J.: 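Dumping the structure here so I can ask a few things about it.
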Amino acid sequence: MYKPPPITQLSGVRKRFDRGPWVLDGIDLQVEPGELVSLIGPSGCGKSTLLRLIAGLTQATEGQIAFGASKPARPEMAFIFQDATLLPWLSVAANIATPLRLQGRSREECRGIAERLAELVHLESVLDFYPRQLSGGMQMRVSLARALSTSPQILLMDEPFGALDAISRNRLNEELLAIQARERWTGFFVTHSVNEAVFLSNRIFILSPLPSRITNEIRIDLPFPRTQQTRDSRAFQDYVVEANAALQTVLPK
Amino acid sequence: MNPETRRNRRNDRGLRFLLPFLTGLLLIALWYGIKALFNLHDYILPAPHQVLQAFAAESDTLLRATLMTFSGAFLGFLAAVILGAAMALLMVSFRYLRYSLYPFVIFMQMSPIIATAAIVVIIFDVGLQSVVMIAFLIGFFPIVASALQGLRSVPERHLELFKLYRSKPWQELFWLRVPYALPYFFTGAKIAATLAVIGSVTGEIFAGSTDGSGGLGFMIIVYKSELKISAIYAATLICCVLGFLFVSLVLYLRWICLRHWHDSLITAE
């Protein structure tokens with residue numbers, strides 16, 4: 001059976017800022033196309049730095065990051081930050097289309113794509129609103145739609161739902177999986193929530209405190225589509241217990 | 001804001017007009033009272049109605065002087081806005097230029113208006129050119145300083161977002177930095193507008209020349225020598241109105257530009 005090459009491969013990646021302490025100390029991981037992986041670990045353990053390295057927002061001090069066989073070397077990527085990072089002077093539609101405008105697409109084309117994406121994340125009724133008129137959850141949906149606008153192959157998410165209430169968070173988790181099932185991008189998800197990580201992921205990587213390494217890898221074999229029933233299932237709870245136990249071993253005593 | 005507070009604010013709408021009106025009446029009564037109590041001569045403190053009479057008696061002169069001061073202050077202010085914004089754009093784009101000039105921009109903001117006015121009049125002589133120059137010099141530096149601060153305060157996340165999509169430098173400047181800096185720019189413009197009229201009139205007072213085509217500051221000097229004290233009060237009042245107009249213009253433009261998105265304009269000011 002043909003196996004596609006990993007879409008992202010990190011080998012021996014180390015990172016420090018200037019002459020500071022090592023933040024990442026030898027990260028090796030391979031992610032297959034279409035996988036959704038989560039990174040969890042104690043706060044300040046370099047999870048965000050790892051995402052930013054993959055995004056190219058900062059450079060590795062040592063080691064290699066390769067992106068499969070695809071040419072050009074860096075596939076289309078999108079990043080979702082902890083806060084929605086919307087431009088307050090632009091309408092929802094214009095915010096969604098910002099990446100496309102930066103790539104030089106026409107206004108008309110952008111409007112069309114923004115409308116389609118707004119439908120996907122249930123924002124079609126607020127396309128002409130401004131960000132300040134939206135709740136935190138809705139702002140995050142705009143941010144998600146914006147990230148999807150360029151049809152990225154890799155989606156990097158840095159605790160995107162951390163600031164939301166549990167109900168919005170669960171709903172957005174389910175919608176995220178539904179969208180992923182259709183668009184088949186590869187996802188990297190940083191979170192503090194073990195529940196969220198188990199629910200979303202094919203695999204969970206657990207990172208130790210600084211200098212950070214991957215200490216555990218947990219494969220989550222829950223069937224898709226995942227729903228509230230998944231969360232209520234015994235198998236789900238077992239994974240949560242397993243991941244929590246693994247996390248406990250790396251936490252400072 | 002909770003609904004109760006909001007309802008209270010709405011009920012206050014009538015009071016917001018009534019109370020300043022009453023304060024005004026009170027001040028006028030106080031004015032008459034002080035004049036009577038201390039038995040002040042008209043040359044020291046004219047009565048309010050005498051000031052009104054001066055408006056009527058000097059209307060032609062005052063109108064001409066007002067136009068003069070207005071055009072001087074307006075041209076200077078306009079130049080400060082255009083050149084100040086352009087300078088801020090250059091300074092944010094070229095960092096060596098910024099390093100070279102920034103301390104001087106801050107330094108020049110500290111110069112006292114009266115001294116600036118005096119120096120400009122000495123160099124450029126009496127007339128419109130001096131008034132324009134003073135209004136320009138006084139407005140230019142605060143506008144550069146605040147616009148530059150705005151252009152450089154864009155949150156790191158927003159810059160990274162643009163970087164991630166490989167934005168071109170002009171896109172980052174005009175689609176991110178400039179809109180982000182608008183509220184800062186208007187803060188600078190508001191300072192410039194307030195100072196433009198004050199600066200112009202100060203310059204005219206210094207000029208104190210005699211060719212008869214001076215602005216309000218010049219007329220204040222003339223009225224003083226003619227002992228038309230109530231006319232000085234009238235001219236001063238016009239200066240206040242002019243300054244108020246300038247600031248209102250800036251606030252209106254700010255409202256046009258920012259009403260959709262900026263927090264400061266969501267609740268009525």
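In what follows, every chain begins at residue 1, and chains take the letters A, B, ... in the order their sequences are listed. Below, all heavy atoms of this structure are taken into account, side chains as well, without hydrogens, waters or symmetry copies. Model, not experiment: these values are computed from the prediction.
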J.: Kindly check if the number of other-residue, nucleotide or ligand heavy atoms within 6.0 Å of CG (B:Leu27) is above 12?
T.: yes
J.: At a 4.5 Å cut-off on heavy atoms, which part of A:Ser91 comes close to chain B: side chain, backbone, both, or neither?
T.: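 Neither the backbone nor the side chain of A:Ser91 comes within 4.5 Å of chain B.
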J.: Look at the side chain of A:Arg132 and the backbone N and O of B:His260, then say whether any donor-acceptor pair between them is shorter than 3.5 Å.
T.: yes
J.: Does any backbone or side-chain atom of A:Gln133 lie under 4.5 Å from a heavy atom of chain B? Answer side chain, backbone, both or neither.
T.: neither
J.: Of the non-hydrogen atoms in B:Ser167 and A:Leu102, which two are nearest, and what is the gap between them?
T.: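 Answer, listing the atom of B:Ser167 first, then A:Leu102: CB-CD2, 3.7 Å.
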J.: Assess whether atom CZ of A:Arg16 is packed by more than 12 heavy atoms of other residues, nucleotides or ligands within 6.0 Å.
T.: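 Result for CZ/A:Arg16: enclosed.
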J.: Given that the side chain runs from C-beta out, which part of B:Glu160 has a heavy atom under 4.5 Å from chain A: side chain, backbone, both or neither?
T.: both
J.: Where do A:Ala78 and B:Tyr165 come nearest, in terms of heavy atoms and distance?
T.: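 Answer, listing the atom of A:Ala78 first, then B:Tyr165: CB-OH, 3.6 Å.
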J.: How long is the straight-line distance from CH2 of B:Trp261 back to CH2 of A:Trp89, given to the nearest 0.5 Å?
T.: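 Here the interatomic distance stands at 6.0 Å.
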J.: Search all heavy atoms of B:Lys163 against all heavy atoms of A:Leu57 and return the closest pair with its distance.
T.: NZ-O, 3.5 Å
J.: Might you confirm whether atom CZ of A:Phe17 has over 12 heavy atoms from other residues, nucleotides or ligands at distances under 6.0 Å?
T.: yes
J.: Heavy-atom count around B:Arg98 CZ within 6.0 Å, excluding the residue itself: above 12?
T.: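 Yes.
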J.: Could you tell me which portion of A:Arg52 (side chain, backbone, both or neither) has an atom closer than 4.5 angstrom to a non-hydrogen atom of chain B?
T.: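 Just the side chain, heavy atoms under 4.5 Å.
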J.: Can you tell me how far CD of A:Gln82 sits from CZ of B:Arg157, rounded to the nearest 0.5 angstrom?
T.: 6.5 Å
J.: Taking side chain as everything from C-beta outward and backbone as N, CA, C, O, which of these in A:Leu86 sits under 4.5 Å from a heavy atom of chain B? Side chain, backbone, both or neither.
T.: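 Answer is backbone: N, CA, C or O of A:Leu86 sit under 4.5 Å from chain B.
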J.: Check whether A:Phe81 gets within reach of chain B through its side chain, its backbone, both or neither, counting any heavy atom under 4.5 Å.
T.: side chain
J.: Kindly check if the number of other-residue, nucleotide or ligand heavy atoms within 6.0 Å of CG (B:Leu22) is above 12?
T.: yes
J.: Counting a contact as any heavy-atom pair under 4.5 Å apart, which residues of residues 172-193 of chain B contact chain A?
T.: B:Trp175, B:Leu176, B:Pro179, B:Tyr180
